[in-house]
Amino acid sequence: MLGKLAAKPALARGNCQAFPSEDSAARCALMSSTFQLDTGTSRANPMPAPMKRLTVPAIQRRKFKGKTEQPLVMLTAYTARQAQLLDPHCDLLLVGDSLGQVIYGLPSSLQVTLDMMCAHGAAVVRGSYHSVVVVDMPFGSYETSPQQAFASASRILAETGCAAVKLEGGVAMAETIAFLSARGIPVMAHVGLTPQAVNTLGGYNARGRSQQEHEKIISDGQAVQSAGAFAVVIEGVIEPIAITLTKTLEIPTIGIGASAQCDGQVLVTEDMLGMFERVPRFVKRYEEIAETISGAVERYATEVRARSFPGIDQTYQPK
Ligand code: KIV
């Protein structure tokens with residue numbers, strides 16, 4: 001609880017320490033015992049923060065002379081509580097526009113709005129203090145002009161407190177990436193299978209099988225680096241493309257359906273936790289959370305119908 005802060009005067013004075021990135025166990029211990037997370041929805045973030053947040057330059061430095069000793073760990077997060085649980089283990093949290101499908105049940109990410117991204121981005125920042133939080137720019141909020149992109153991105157940064165935005169596109173978005181980066185907005189690019197372009201791509205299949213498309217994705221990666229992107233997500237491409245980009249780019253590559261040789265990996269958290277029956281082939285399911293939820297709710301429903309819940313422990317008696 002918050003009261004425990006007083007037990008660690010060095011940290012309570014705001015003398016926060018950054019932990020070596022490899023020490024996620026230490027981070028976990030600190031965040032879950034010394035600074036027990038207050039999970040009350042209105043008091044999600046203890047003050048002072050127990051540690052310094054990673055920064056965009058620190059993420060970039062993880063790739064040195066073309067090599068990343070320790071791969072970057074990124075997962076999507078959309079809510080404060082989810083962010084609290086993921087934060088000790090991750091370097092980056094992505095408030096992806098995949099929240100359209102995952103949270104809102106929309107048919108694609110095309111219907112996602114800036115309002116949604118700002119609300120969820122702010123929740124994830126409130127629920128984390130270690131990871132760099134990156135918020136996706138939704139479809140239609142940045143493609144018209146660099147000025148439109150700046151207006152949307154600056155709103156996202158101001159309203160959420162996140163450190164960076166992500167946008168889809170390579171060569172076509174290079175001017176916009178340069179415009180934002182030169183004006184203090186770190187940009188993570190996204191090339192290969194770009195879900196916002198589902199209607200031009202014709203689906204969510206792996207990209208880069210033709211020589212022409214292979215070359216285009218390589219040029220896209222080079223263009224976003226030259227424009228000033230600090231990192232690039234490479235999604236759903238044949239592995240040789242991801243390997244070439246990882247070897248030739250100086251900025252970190254973050255793969256999803258790409259290659260283990262990328263400088264980091266990202267997945268949609270609900271996919272890897274087993275919330276959905278159908279997931280893309282590149283997803284590894286680390287849990288079967290949907291079954292756990294379904295089982296718990298079934299037990300609850302049975303007890304309510306049998307009037308065995310609430311029991312004596314969950315009811316108030318007169319003193
Ligand atoms: O929206 C999202 O979640 C993403 C990741 C899948 C990279 O863009």
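Both counts, for ligands and for their atoms, begin at 1 and track the order of listing.
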Undergrad: Note the single closest protein heavy atom to atom 6 (C) of ligand 1, along with its residue, its atom name and the distance in Å.
TA: I256 CD1, 3.5 Å
Undergrad: Name the closest protein heavy atom to atom 5 (C) of ligand 1, giving the residue it belongs to and the distance to 0.1 Å.
TA: L94 CD2, 3.7 Å
Undergrad: Find out whether the Lys NZ or Arg CZ of R183 is both under 6.0 angstrom from the six-membered ring centre of F179 and within 45° of the ring's axis.
TA: yes
Undergrad: Say whether K166 and ligand 1 are in contact under the criterion: heavy-atom distance to a ligand atom below 4.0 Å.
TA: yes
Undergrad: Under 4.0 Å from a heavy atom of G96: which atoms of ligand 1 are those, numbered in the order shown and with their elements?
TA: 1 (O), 2 (C), 3 (O)
Undergrad: Below 3.5 angstrom, do we get any N/O pair linking S98 and ligand 1?
TA: yes
Undergrad: Regarding R155 and D115, does a basic nitrogen lie under 4.0 Å from an acidic carboxylate oxygen?
TA: yes
Undergrad: Taking the basic N atoms (NZ, or NE/NH1/NH2) and the acidic carboxylate oxygens, is any pair closer than 4.0 Å for D91 and R62?
TA: yes
Undergrad: Can you tell me if S259 and E239 form a side-chain donor-acceptor pair at under 3.5 Å?
TA: yes
Undergrad: Using a 4.0 Å heavy-atom cut-off, which part of D97 comes near ligand 1: side chain, backbone, both, or neither?
TA: both
Undergrad: Using the side chain to side chain contact (heavy atoms under 4.5 Å, CB included) definition, which of the options V95, V165, V134 pairs with I156?
TA: V165
Undergrad: Which one holds for D136 and ligand 1: side chain close, backbone close, both close, or neither close, with close meaning a heavy atom under 4.0 Å?
TA: side chain
Undergrad: For S131, does its backbone N or O pair with a side-chain atom of S128 as donor and acceptor, under 3.5 Å?
TA: no
